[in-house]
Amino acid sequence: VAVFSFIPGAAIMEVLGAGGGSATSGRVWIENHPTDGWAPGRVDSIGAGGSYIVVDEQGEKFDIAQDKARPVDANCLKGVEDLLSLGDFNEGALLHNVRVRYFRDEIYTGIGGPILIS
């Protein structure tokens, strides 16, 4: 199980992996990913300066400052039909969800009932 705690004022995020094997265990968003814009990555280790060393799905490593790291919610990885069911609504979650659905040839994604993205 991953525990993400934000310390007010310091804006430091700690990732504590307790070995539960959760879908989001130790995952954060990689902002400005070279090919995807935003991509989920797995925290591999803590760097010398205290930043996270994060590995994307292709095995490439990125250095993410703790105060910039945003946790990835499990629903953000699934490619949900309705964006309102995302556990965390942010730019990375939105773009990744639409990308996942596009590559599954599910090009229509809703926002609530009356709004449709294609």
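No experiment lies behind these values; they were computed from the predicted model shown. This chain uses plain numbering: 1 for the first residue, then up along the sequence.
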- Does Trp29 share a hydrophobic cluster with Val98, counting links as ILVMFWY side-chain heavy atoms below 4.5 Å and allowing steps through other members? no
- Query: Tell me, do Glu31 and Arg70 make a side-chain contact under 4.5 Å, heavy atoms counted?
  - Reply: yes
- Message: For Asp36, give me all partners under side chain to side chain donor-acceptor pair (under 3.5 Å), at least two apart in sequence or on another chain.
- Response: none
- Query: Which heavy atom of Gly79 sits nearest a heavy atom of Arg104, and at what distance?
  - Reply: O-NH2, 2.7 Å
- Task: With rounding to the nearest 0.5 Å, note down the distance linking CD1 in Ile115 to OG1 in Thr109.
- Result: 13.0 Å
- Message: With ring pair (Phe, Tyr, Trp, His ring centres under 6.0 Å) as the rule and sequence neighbours excluded, what pairs involving residues 58-93 come up?
- Response: His33-Phe62
- To the nearest 0.5 Å, tell me how far Tyr52 OH sits from Ile46 CD1. 5.0 Å
- Taking all non-hydrogen atoms of both residues, which atom of Ser85 and which atom of Asp82 are closest, and how far apart? OG-O, 2.7 Å
- Do Ile107 and Phe103 sit in the same hydrophobic cluster, where Ile, Leu, Val, Met, Phe, Trp and Tyr count as joined when their side-chain heavy atoms come under 4.5 Å apart? yes
- Nearest heavy-atom contact between Asn97 and Leu83 is ND2-CD2, 3.1 Å
- Note on the structure: Of all heavy-atom pairs linking Ile64 and Ser51, the shortest is O-CB, 3.3 Å
- Query: For Val28 and Ala69, which heavy atoms make the closest approach, and how far apart are they?
  - Reply: CG1-CB, 4.1 Å
- Shortest non-hydrogen contact from Cys76 toward Asp88: SG-O, 3.7 Å
- So which pairs with a foot in residues 55-66 pass salt bridge (charged side-chain N to carboxylate O under 4.0 Å, His left out), sequence neighbours left out? Asp44-Lys61
